[in-house]
Structures are given as structure tokens and as C-alpha cells.
Amino acid sequence: MSNWEAVIGLEVHVQLQTASKIFSGASTAYGAEPNSQACAIDLGMPGTLPVMNAGAVEMAIRFGLAIGATVAQRSVFARKNYFYPDLPKGYQISQYELPVVIGGGLDVRQDDGSHKFVQLTRAHLEEDAGKSVHDAFHAETGVDLNRAGTPLLEIVSEPVLSSAAEAVAYLKTLHTLVRWLGVSDGNMQEGSFRCDANVSVRRRGEPLGTRAEIKNVNSFRFVEKAIDYEIERQIRLIEAGGKVVQETRLFDANKGETRSMRGKESAHDYRYFPDPDLPPLVIAAEDIERVRAAMPELPAARRQRYIDNLGLPEYDATLLTADRTVSDYFEALLATLPAQAKLCA
């Protein structure tokens, strides 16, 4: 299959670590009784008005600065209209034409030690939907709206990844960064960090192929398996004379395969329009500078400092900066034994 190449772009939904929801004062704590943390604003009841959570905005700024992006001083919230049983308002408040974070990128270290710069398109703020529970009732679906209105940062990469292994390396780098910055706990079991993968294949040198989107994958292992399966499925389909259709697919972890969920909508199907209840999000230059002044040393910079200043091998430095708690513990230990970096490591 060496005459084929895959083109992959990832959309990652990161749940922001705020105490309350993005447009209401309802709690975001995980594990509460179903439907006990959905207030009238989250449900879109008549007469309610959303109010922007300043903490979520600050976290978006922090992430934008960390990836070298442009933080927009003016961005706009839009209504994304679609019907789903766990979307109580019938629309999701998101950002479309004018997102809060534009561009930027991540330097990703791969397992073989090589580096790849992954360009990002945007990161935008939005509210989460509720959750449909399929396995708790026989032949019925329960709807838990506790998650409705939880703040998300959706991080969209350019289609520059070419294998499942590259995609996973990028996701791990991103996961480390959002936890390092304190913008998300990154708990994949609880859905705080989940990924949609857009996958297409083409013969080398040919134009981009038709992409399929694999929806809501919440483990690194499943992302790798889903992308590998989807690449092979598309190649076999084309070689057999078929055509890839643009659609949304789900990954079945038990069978190790993707299956069709629905035809993929395009932007006009969602009938985006500016949310009439929310003014444009205006971020003052001094607020951006205030966040910049409080930024922690980033994992890539700290890793390089460990190599250059402390003489640690790249393996040790990478391991020590995979988690900020571990890295901070190493720093505290090193302060007591300043000449013993390798021993502390």
C-alpha cells in the first residue's frame, strides 16, 4: 500500500476546568445524580439569558499564548442549529467565523525521536451538549443533561498528519499541554478530552480524497485503532472500484472497526448565525498581557532546559515533563540536591 497516503486532521474537544458552566452558574462537577446540575439557562428556557464565564475566556487566552497563536481581541458566538435528544435548546452556542484563537501550532516529538510541527487552524469556545445513556435501560435511551452547558475549547488541526502514530503523538502532546496549563484535567474516561478524526486517503501526488469523520473517540489506543482501520477500509473500497462518501462514523471498540452513523453535514446545514443573546467577546490587550505574565514555563522549554542546563538525557527530560506534578516534584527535589540532577531524575 506504499502508493497510498493518508491525510488526517483532528478536532479535539477539551473540557475546561471551571467550577461553573460557560453561560450559567450551574456546577460542572462530575458524577452528580442525572439532571441535577442543569439549570434553566442550560435548558434554554424562555426568558433566560446566557452570561459569559470569564474563567473560560482566560483559559482560552492561556492556551492561545502557549501555542503561539493570535488571540482575537474580538470574537463572536454563533448558534449552531441541529436536533439531538440531548441538546435541549435545539442549538449549540459555539464560535464559527470569528473564533477566539487563530493559528498557532505544536512541536510534536514522535516515538522515534523525530519532531513534527503540527499547524493548528483555530481553537474556539463552545458549550457541551448533554449525554444520551444507551446501556442503562432496556430498549430505551436515557438523557442526562448535567453536561449541557459545560465549557469546551475545540482545537482544530490542519490536515497535516499522515499516520495513526503521528495523530496519537500529537494528541499526547496536546493532552500534556492542556493539563500543564491547568485549563483541563484531561480525564478521558470522564469525557474531558475527546477527539474527532477526519481521515482521507489518496494515491501519492493526487488531490485530497473524500474524508470520513470518526466521532468522539476518548482513548489514545482507540484513536490509533480507529484511524488505522479507517485508512485500510478506504483503500480497499477505492481499489475495489467503490467511492468513499463523506459521512460521520463511530468506532466500535469491541469489534475494532468503524461503522456509518450519518451523512456528514456541511456548515450551511447548521444554519449558523450570531447569537442574539450574546454580545461579541471583546478581550482587552491588557488582559492578554496579564495572562501572559502569569504563564508557567511550558513543557517543551522545561525539557530543553533539563537537557541543556542539567545535562539530562532526552529520555529523562521527556519523561519528567510529561506531567507537571511530576516535574514540579523533581524541581523541589533538585532544590535540595542541586548538583545531583541525574540522581533526582
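Sequential numbering from 1 along the given sequence is applied to the chain's residues.
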Requested in this report: Give a yes or no on whether the backbone of G44 and the side-chain of T48 come within a donor-acceptor separation of less than 3.5 Å.
Outcome: no

**Report entry** Nearest heavy-atom neighbours spanning S20 and T18
**Finding:** O-OG1, 2.7 Å

Query raised in the report: Is the closest side-chain heavy-atom distance between I288 and Q73 below 4.5 Å?
Result: yes

Query raised in the report: Going by an N to O cut-off under 4.0 Å, is there a salt bridge joining K225 and D228?
Result: no

**Report entry** Residue pair L181, M295: steps toward the side chain to side chain contact (heavy atoms under 4.5 Å, CB included) verdict
**Finding:** CA-CA 8 Å; L181 294 169; M295 288 282 285; 4.1 Å; yes

Query raised in the report: Can L174 be reached from F222 by stepping across I, L, V, M, F, W or Y side chains whose heavy atoms are under 4.5 Å apart?
Result: yes

Requested in this report: Side-chain contact test, heavy atoms from C-beta onward, threshold under 4.5 Å: evaluate it for D277 versus R79 and give yes or no.
Outcome: yes

Requested in this report: Look at the side-chain heavy atoms of Ile, Leu, Val, Met, Phe, Trp and Tyr, link any pair under 4.5 Å apart, and say whether V108 and F193 land in one connected group.
Outcome: yes

Query raised in the report: Hey, what do you get for CD (E213) to OG1 (T258), rounding to the nearest 0.5 Å?
Result: 12.0 Å

Query raised in the report: Would a distance-only check, ignoring hydrogens and angles, find a side-chain to backbone donor-acceptor pair under 3.5 Å from N3 to R204?
Result: no

Query raised in the report: Short question: side chain of D86, backbone of S132 - any donor-acceptor pair under 3.5 Å?
Result: yes

Query raised in the report: Within the side chain of H175, is there an N or O that forms a donor-acceptor pair under 3.5 Å with the backbone of G186?
Result: yes

Query raised in the report: To the nearest 0.5 Å, what is the distance between CZ (R202) and OG1 (T210)?
Result: 12.5 Å

Report task. State whether D111 and K172 are salt-bridged, where the test is any N-O pair (Lys NZ or Arg NE/NH1/NH2 against Asp/Glu carboxylate O) under 4.0 Å. Result -> no

Query raised in the report: Run the side chain to side chain contact (heavy atoms under 4.5 Å, CB included) check on D196 and H13 step by step: do they pass?
Result: CA-CA 8 Å; D196 300 342; H13 293 85; 3.4 Å; yes

Query raised in the report: Does one hydrophobic cluster hold both V245 and I227, with members joined at side-chain heavy-atom distances below 4.5 Å?
Result: no

Report task. Mind checking the CG-OG spacing from L49 to S24? Nearest 0.5 Å is all I need. Result -> 12.5 Å

Query raised in the report: Under the 3.5 angstrom rule, does the side chain of W180 hit a backbone N or O of E297 as a donor-acceptor pair?
Result: yes

Query - Transitive ILVMFWY side-chain link L298 to I61, under 4.5 Å - result: yes

Requested in this report: Ignoring hydrogens and angles, tell me if any N or O in the side chain of N81 forms a donor-acceptor pair with the backbone of R271 under 3.5 Å.
Outcome: yes

Query raised in the report: Hey, would you say the Y306 and F330 ring centroids sit under 6.0 Å apart?
Result: yes

Query raised in the report: Hey, are the side chains of R122 and V101 touching, using non-hydrogen atoms and a 4.5 Å cut-off?
Result: no

Query raised in the report: Has F117 got more than 12 heavy atoms of other residues, nucleotides or ligands less than 6.0 Å from its CZ?
Result: yes

Requested in this report: Might you confirm whether atom CD of E33 has over 12 heavy atoms from other residues, nucleotides or ligands at distances under 6.0 Å?
Outcome: no

Query - Whether E190 side chain and D185 backbone form a donor-acceptor pair below 3.5 Å - result: no

Query - Atom pair CD/CD1 of E127 and I93 - distance to nearest 0.5 Å - result: 4.5 Å

Requested in this report: For the residue pair M188 and F220, establish whether any side-chain heavy-atom pair is separated by less than 4.5 Å.
Outcome: yes

Requested in this report: Mark yes or no for whether N35, through its side chain, and L145, through its backbone, hold a donor-acceptor pair below 3.5 Å.
Outcome: yes

Report task. Identify the heavy atoms of A123 and P99 that sit nearest to each other, and give their distance. Result -> O-CB, 3.9 Å

Query - Ion pair R292/E289, N-O distance below 4.0 Å - result: yes

**Report entry** Neighbour count above 12 (heavy atom, 6.0 Å) for F273 CZ
**Finding:** yes

Report task. Find out whether K21 and N53 are in side-chain contact, i.e. whether some heavy atom of one side chain is under 4.5 Å from a heavy atom of the other. Result -> no

Query raised in the report: Taking NZ, NE, NH1 and NH2 as the nitrogens, is one of them in E314 or R109 under 4.0 Å from a carboxylate oxygen of the other?
Result: yes

Report summary line: When rounded to the nearest 0.5 Å, the distance separating CD1 of I22 from OG1 of T28 is 11.5 Å

Report task. Quick one: closest heavy-atom pair of Q95 and L125, and the distance? Result -> OE1-N, 3.2 Å

Requested in this report: Could you tell me whether E257 and R233 have a side-chain N and a carboxylate O separated by less than 4.0 Å?
Outcome: no

Query raised in the report: Which atom names give the shortest non-hydrogen contact between A345 and L312, and what distance separates them?
Result: CB-CD2, 4.0 Å

Query raised in the report: What's the verdict on side chain to side chain contact (heavy atoms under 4.5 Å, CB included) for R74 and L281, showing C-alpha distance, side-chain angles and the deciding distance?
Result: CA-CA 6 Å; R74 183 183 182 275; L281 174 59; over 6 Å; no

Report task. Give a yes or no on whether a salt bridge exists between R236 and E239, defined as a side-chain N under 4.0 angstrom from a carboxylate O. Result -> no

Report task. Consider only side-chain heavy atoms of I, L, V, M, F, W and Y, link residues closer than 4.5 Å, and tell whether L177 and V156 are in one cluster. Result -> no

Query raised in the report: Quick one: are C344 and T336 in side-chain contact, heavy atoms under 4.5 Å?
Result: no

Report task. Report the C-alpha distance between Q15 and S184 in whole Å, list the side-chain angles of each, state the deciding distance to 0.1 Å, and finish with yes or no for side chain to side chain donor-acceptor pair (under 3.5 Å). Result -> CA-CA 6 Å; Q15 182 176 317; S184 177; over 6 Å; no

Query - Shortest non-hydrogen contact between V160 and Q119, atoms and distance - result: CG2-N, 4.2 Å

Query raised in the report: Between R249 and E247, is there a side-chain N and carboxylate O pair less than 4.0 Å apart?
Result: yes

**Report entry** Test item: V71 and V291 side chains (from C-beta on) under 4.5 Å apart, heavy atoms
**Finding:** no

Requested in this report: Could you tell me whether the side chain of D42 and the main chain of C39 form a donor-acceptor pair under 3.5 Å?
Outcome: yes

Query - Any K116 side-chain heavy atom under 4.5 Å of Q110 side chain - result: yes

Report summary line: Value for CG (L16) from CG (D128), rounded to nearest 0.5 Å, stands at 10.5 Å

Requested in this report: Taking all heavy atoms of I283 and all of A72, pick out the closest pair and write down the distance.
Outcome: CD1-O, 3.7 Å

**Report entry** CA sep, side-chain torsions, deciding dist, call: S162, E5, side chain to side chain contact (heavy atoms under 4.5 Å, CB included)
**Finding:** CA-CA 7 Å; S162 56; E5 61 182 359; 6.0 Å; no

Query - Salt-bridge present (K342, D316; N to O < 4.0 Å) - result: yes

